[in-house]
Protein chains: 2
Amino acid sequence: MKTIMSSAGRRSTILEVARLAGASKTSVSRYFGDERERLSPTLQDRIAHAASTLDYQPNQMARGLKGGRSKLIGMLVADIRNPFSVAITHGVEQACRQYGYSLLVCNTDNDSEQERQHLDLLGAYQVAGLVVNATGSPETQIQAFIRHGTPVVLLDREVSNVDAEVVGLDNQLAIDSALDHLSAQGYQAVLYVSEAPEQSSTRQRRLACFNQGAQQRALSHATLLLTGDTNTRQALSHFLATHPQHACAVLCGNGNVTLTVTRLFQQLGLPLGQVGLMGIDELDWCDLVPPGITTLAQPTDAIGKTALQCLRHRITSQTSPQPTTLSFTPTLIARGSTRR
Amino acid sequence: MKTIMSSAGRRSTILEVARLAGASKTSVSRYFGDERERLSPTLQDRIAHAASTLDYQPNQMARGLKGGRSKLIGMLVADIRNPFSVAITHGVEQACRQYGYSLLVCNTDNDSEQERQHLDLLGAYQVAGLVVNATGSPETQIQAFIRHGTPVVLLDREVSNVDAEVVGLDNQLAIDSALDHLSAQGYQAVLYVSEAPEQSSTRQRRLACFNQGAQQRALSHATLLLTGDTNTRQALSHFLATHPQHACAVLCGNGNVTLTVTRLFQQLGLPLGQVGLMGIDELDWCDLVPPGITTLAQPTDAIGKTALQCLRHRITSQTSPQPTTLSFTPTLIARGSTRR
DNA sequence: AATCAAAATGGAACCGTTACCATTTCATGA
DNA sequence: TCATGAAATGGTAACGGTTCCATTTTGATT
C-alpha cells in the first residue's frame, strides 16, 4: 500500500504570492528586485509573509529570459584536476556567492573542441560574465561574447586579439625571483622544464623570461619541454652530464612539471639539494618530500577574487575593457631542495 | 579615432531564423528539438542554412522557462579543494557534457549555511538533477527537490530521511581490506585517524567498521579524531608509547588525514614502515614520500559517472528513487609505508 | 478524379518574470 | 476644501522558446 504523493510540488510563482498578499505581480517583483524600499511597509510585510508561506523563490530562468542575462558566471578551466586551477576556482566561486552569482564550471581538459562546445553553451545560458583560462585560441568565440556585451576576463593565459583584462602571476618577476634564489644558493647551471608552450601564453612567457634571465645572470642553461615522445629521464641525465663542473638545478614551470620532475629525481636517485629543484606553484606535498621542495606560491585566492571583481566592475559600470594585465607577486617558499 | 562597434550584437532568435528560412517558429523549434526527422529534407536544409547564417543557438533560459526544467545539473561539493572531490567532479562534469548538460558546481566549504544558500539557488535554476556531497543534514531542502520531481543522487555521504541513491565507496570493504593488509604485514596495533565524524555518514561508517574489524582481528586499536583543539601530535605519541610491545600502524580515514598524519610522522621523526602508515584515497604524492605511502584508491571517475547515470536514468524514466547504495571497490596500492 | 489517412507545416497560447506607463492614494499648501 | 505633485500600486506587453491543436500538403487507394 503506497501513499501517493499527489502534490508533485510545483514551485510557487510570483502570481500566487501576489494573490495571497493581495498585491500585484509588479509589487512582488519589486519586492524581490532591488526596489523594495519603494513599497509601503505594510505591503512589504504582506508580501514577505505570503512569500514565506508559499516558500516562494524567484525563478532565475524567467528572470534570465526577461532580462537578457542570467546571474550565472561562466568559468572555463583548462585542467580542473590541477590543484592550482582548483585553488583559483575556489576563489572565484567564493566571490560569486558573495555577490549572488552562481558559477558554471566548464572543464576543457586542455582540449579545444571541448572548449568550443562549452563556450557555445555558456553563450546559450546568457552568462553575466566569463572567466577564461584558455586552452587553445578561442578568439572568435570570445570576441562574440565581448560583442554581445558580456564581460570577459582572462585567467593566467592570454588569448590573442582579445581585449580583456588578464589576471595572473607576474611571470617576469616569478622567473627573476627563481633565478635570483637559485644563483644566490650557488647554482650555476639551470635547466628549465615546461609543458608544451604552444597551448599557453604563460608557458611561453616564462620560457622566454627564463632564457633571457639566465643569460643576464651568466648562468649555464637549457630548457626541456615535456611532450609525450621525448625521453625526459635521458634528457635530464644528459643535462647533468654536460655540466659536471657546475652546481646544477632544475626549475619547473608549473605544478605538474614539479610532480613529474620530482618523480624523475627519485628514479635517478638524485639527491635533492645537491641537485637543486624548484617549482612554480605551491603544492600540498612540497614540504613532505625530504628535504622539502622550494616553490614560488601564487596568491590563488586573490587571483580568483580579483578576476570576479573585474567582471563585476564591468557588469555594473558597463565600461568597455581596459586591457590591463593584473599581475600578482609570487611568494618564495625556500626549502631544502635548493640548499646545497 | 575610435571605431564605434554599434552592432552591440544581440543574439539572434528563433523568429529571425524562421523568417530567413521562410518557415514557422514551430518548425525551427522542431529542428533544434528532437523532432528534426519530422521535417521534410528541404525544410531542414533551409533551416540549417538560415541558422548557420545567423549563428543561431537556442536560448537555454527560454527553454528552461517553458519546459519547467533547465539542462543544468547542480552539484554540491563539501570541499572543492579536496583532490578526491575534484576527481569526482571531473567525472561528473565529463558525463554531463556527454549528455548535453552543464554543471553548476557549488562548493560549501563544509559550511551548512553556504549549503543552504546554494540549494536555494539551485532550486531557482530548476536544475534537471542534483548531485549532493552533503555537509550538514539538509534534509528538508533536499526533500523539497525530490517532491518537486528533481532527481537527487547522494555522493559519498548519506543524508538521513532522504530517499535517494547513494553512490560511493564500499566502506566496509575498504576498512576490511586495510585491516587485512595491515595485519598481513605484521602490524598488531592500529590507530585510526579521522576528521570529525558528525558531518559525514561516511566518516561514521568507516569509524564503526574500523572498531568492529579491528576487534574481530584481535588487533589492539584506538581512534583519534582531528578536531581543532586536540593535540594530535601528543595523541599519536601516546598511542605509540602505550603499545611498546606491538608493531604499530596508523590508518587514515581520508586524504586530508593522510596529509596531516604524514606531516606528523615527519615532525616526530617516525620511520615510515617501521611505524606503518596507510590511507584511504590515493594522492599525487603518495609515491613521492619515501618509501611511498600505501593507499586505497577510489575509482573516482567511475563514481562520478555513475552518479550522473543515476540521474539520467531517473530524469528519463521518471521512476521514483530506488534507494539503493551503489558501492565501489577500492584498489589497494601497497607501498613502503606498510612494509616493516 | 475523388477520397482519405498520414505527413508536413503553421498559429497562438503559455512558461514566470520585468519594465514601461497608467492609475490610485496621500500629504501638503493655498 | 480643493488643487497639486509625489509616492505607492497596478495593468500589460514583451522576453524566446515549446506544445497543443488546426490546417495544408502529399501520396496511396478506389
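The shown structure was predicted, so the numbers you read here are calculated from the model rather than taken from an experiment. The sequence lines fix the lettering, A, B, ..., with proteins before strands; numbering per chain opens at 1.
Rounded to whole angstrom, the span from the OH atom of B:Tyr31 across to the P atom of C:dA8 amounts to 16 Å. Distance B:Arg69 CZ to D:dT18 P: 16 Å, rounded to the nearest Å. For the pair A:Arg36 CZ and C:dT18 P, the interatomic distance rounds to 12 Å; values are reported in whole Å. In this structure, A:Leu43 atom CG and D:dA7 atom P are separated by 17 Å, rounded to whole Å. Atom CZ of A:Phe32 is separated from atom C1' of C:dG16 by 13 Å (rounded to the nearest Å). Here the C1' atom of nucleotide D:dG16 and the CD atom of B:Glu16 are 10 Å apart, to the nearest Å. Distance B:Leu65 CG to D:dT19 P: 12 Å, rounded to the nearest Å. As rounded to whole Å, 11 Å separates atom C1' of D:dC21 from atom CZ of B:Arg38.
Comparing C:dA12, D:dT18, C:dG16 by their nearest atom to the side chain of B:Ile14 picks out D:dT18. Checking D:dG10, C:dG10, D:dG17 against every side-chain atom of B:Ala23, the shortest atom distance belongs to C:dG10. Side-chain proximity of B:Lys66 to the nucleotides C:dA19, D:dT18, D:dA8 is greatest for D:dT18. Side-chain proximity of B:Arg30 to D:dT18, C:dT17, C:dT9: nearest is C:dT9.
Across all strands shown, B:Ser27 has heavy atoms under 4.0 Å from sugar-phosphate atoms exclusively, and none from any base. Nucleic acid contact class of A:Gln57 (heavy atoms, under 4.0 Å, all strands): sugar-phosphate only. Using a 4.0 Å heavy-atom criterion, one finds that A:Ser29 contacts the bases of the nucleic acid, with or without backbone contacts as well.
Summary of the strand contacts: B:Ser40 and A:Lys25 both lie near DNA chain C, and taking for each the nucleotide with the nearest heavy atom, the more 5' one is attributed to B:Ser40. Closest-nucleotide positions on DNA chain C for A:Glu35 and B:Glu37 were compared, and the one nearer the 5' end corresponds to B:Glu37.
No N or O donor and acceptor, one from the side chain of B:Thr13 and one from the base of D:dG17, sit under 3.5 Å apart.
Within the structure, a side-chain polar atom (N or O) of B:Arg63 is placed less than 4.0 Å from OP1 or OP2 of D:dT18. For B:Ser24 and C:dG10, the shortest distance from a side-chain N or O to OP1 or OP2 is below 4.0 Å. Taking only side-chain nitrogens and oxygens, A:Tyr56 comes nearer than 4.0 Å to OP1 or OP2 of C:dT17.
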### Query
Can B:Arg157 and B:Thr135 be said to form a side-chain hydrogen bond (donor to acceptor under 3.5 Å, both in side chains), step by step?
CA-CA 8 Å; B:Arg157 303 175 178 183; B:Thr135 283; 4.6 Å; no
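Here the straight-line distance linking atom CG of A:Asn107 with atom CG of A:Leu76 works out to 8.5 Å at 0.5 Å rounding. For the atom pair CG of A:Asn59 and CE of B:Met61, the computed distance is 9.5 Å after rounding to the nearest 0.5 Å.
Side-chain polar atoms of A:Asn161 and A:Gln143 form no donor-acceptor pair below 3.5 angstrom. Side-chain atoms of B:Ser70 and B:Gln60 include no donor-acceptor pair closer than 3.5 Å.
Note on A:Arg116 versus A:Glu113: salt bridge recorded, some NZ/NE/NH1/NH2 to OD/OE distance being below 4.0 Å.
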